[in-house]
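Comments concern the structure below.
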Amino acid sequence: MKKLNIKQVLTVTAAFILFSAAVIFVYLKQLRIEMTAEAGLVAGVIIDREQQYFNLYGEFAALEERTGSEALKIDLKENKYFTLMSIEVIENTLTLYAKCVKGFFKGTQLTVKYDNLKGVTDYEIKEKTKISLSRL
């Protein structure tokens, strides 16, 4: 069995470090994709339930910050990222705020503005992470 010299050991070590870094960045990118997908799902379900509520009662349901709503039949406790929501209502427009309160994306907030006549007028995810994913 042949021993590795210093140059070979350094090459193998450098390759291992580069591979490890690549794996970490791919994993972080995947987490971001999952979080973004969940944000869209949360927004879609809540807007749909609010529209049903509006059709039934003639107004949107406003909510203080909480994990769910019996009136809208929504519970965010089981979500991986967005587990807290609040809804502000001004006439025929609602603003949904959903937050990540734990995990890698703690502090990330989803904001969706929905007008009963115009549909979704604004959709934004304000991302907060310890590592900036915008450069990935």
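Throughout, residue positions are numbered sequentially from 1 according to the sequence presented. Computed from a predicted model, the values in this text were never measured in an experiment.
In the hydrophobic clustering, V101 connects to L84, either directly or through intervening members, whenever side-chain heavy atoms lie under 4.5 Å apart.
A donor atom on one side chain and an acceptor atom on the other are not found under 3.5 Å apart for E59 and Y53. Donor-acceptor pairing under 3.5 Å is recorded for the side chains of T93 and D115.
Looking at heavy atoms from C-beta onward, K113 lies out of side-chain contact with V120 at the 4.5 angstrom threshold. Taking the side chain as every heavy atom from C-beta outward, E88 and Y97 approach each other to under 4.5 Å. Counting only heavy atoms from C-beta outward, the side chains of I46 and R49 never approach each other to under 4.5 Å. At a threshold of 4.5 Å between non-hydrogen side-chain atoms, the residues F104 and L28 count as touching. Looking at T67 and N79, their side chains never come closer than 4.5 Å, going by heavy atoms from C-beta outward. Under the 4.5 Å side-chain criterion, counting only non-hydrogen atoms from C-beta, Y114 is in contact with Q51. Between S69 and L63 the shortest side-chain heavy-atom distance falls below 4.5 Å. The closest side-chain heavy-atom distance from V112 to I47 is below 4.5 Å.
The environment of I6 atom CD1 is sparse: at most 12 non-hydrogen atoms of other residues, nucleotides or ligands sit within 6.0 angstrom. Crowding of E70 atom CD: a count of heavy atoms from other residues, nucleotides or ligands under 6.0 Å not exceeding 12. Remark: L10 CG is packed, more than 12 non-hydrogen atoms of other residues, nucleotides or ligands lying under 6.0 Å away.
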**Item:** Trace of the side chain to side chain contact (heavy atoms under 4.5 Å, CB included) decision for R32 with E127
**Value:** CA-CA 9 Å; R32 184 169 187 262; E127 206 174 294; 3.0 Å; yes

**Message:** Checking L110 against E124 for the side chain to side chain contact (heavy atoms under 4.5 Å, CB included) test, could you report, in this order, the C-alpha distance in whole Å, the side-chain angles of both residues, the deciding distance, and whether it holds?
**Reply:** CA-CA 6 Å; L110 165 68; E124 180 182 21; over 6 Å; no

**Asked** Does the pair L96 and T111 meet the rule for a side chain to side chain contact (heavy atoms under 4.5 Å, CB included), with working shown?
**Response** CA-CA 6 Å; L96 162 68; T111 305; over 6 Å; no

**Request:** Determine, stepwise, if the pair Y57 / N55 fulfils side chain to side chain contact (heavy atoms under 4.5 Å, CB included).
**Result:** CA-CA 6 Å; Y57 298 107; N55 292 340; over 6 Å; no

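Below 30°, between 30° and 60°, or above 60°: for Y81 and F105 the angle between ring planes is above 60°, a perpendicular geometry.
Distance check, rounded to the nearest 0.5 Å: CG of L76 to CZ of R66 gives 11.5 Å.
Under the 4.5 Å side-chain heavy-atom criterion for Ile, Leu, Val, Met, Phe, Trp and Tyr, Y27 and M35 are members of the same hydrophobic cluster. The hydrophobic cluster containing L56 also contains F60, counting ILVMFWY residues as joined when their side-chain heavy atoms lie under 4.5 angstrom apart, directly or transitively.
Nearest approach of S86 to E64, heavy atoms of both residues: CB-C, 3.9 Å. The two residues A39 and F82 make their nearest non-hydrogen contact at CB-CE1, 3.5 Å. Closest approach of T11 and K7 over heavy atoms only: OG1-O, 2.8 Å.
The main-chain N or O of A98 is never found under 3.5 Å from a side-chain atom of Q109 such that the two would form a donor-acceptor pair.
Screening L94, I74, N116 against E50 for a side chain to side chain contact (heavy atoms under 4.5 Å, CB included) leaves a single residue, L94.
Among residues two or more places apart in sequence or in another chain, the salt bridge (charged side-chain N to carboxylate O under 4.0 Å, His left out) test is passed with K80 by E34.
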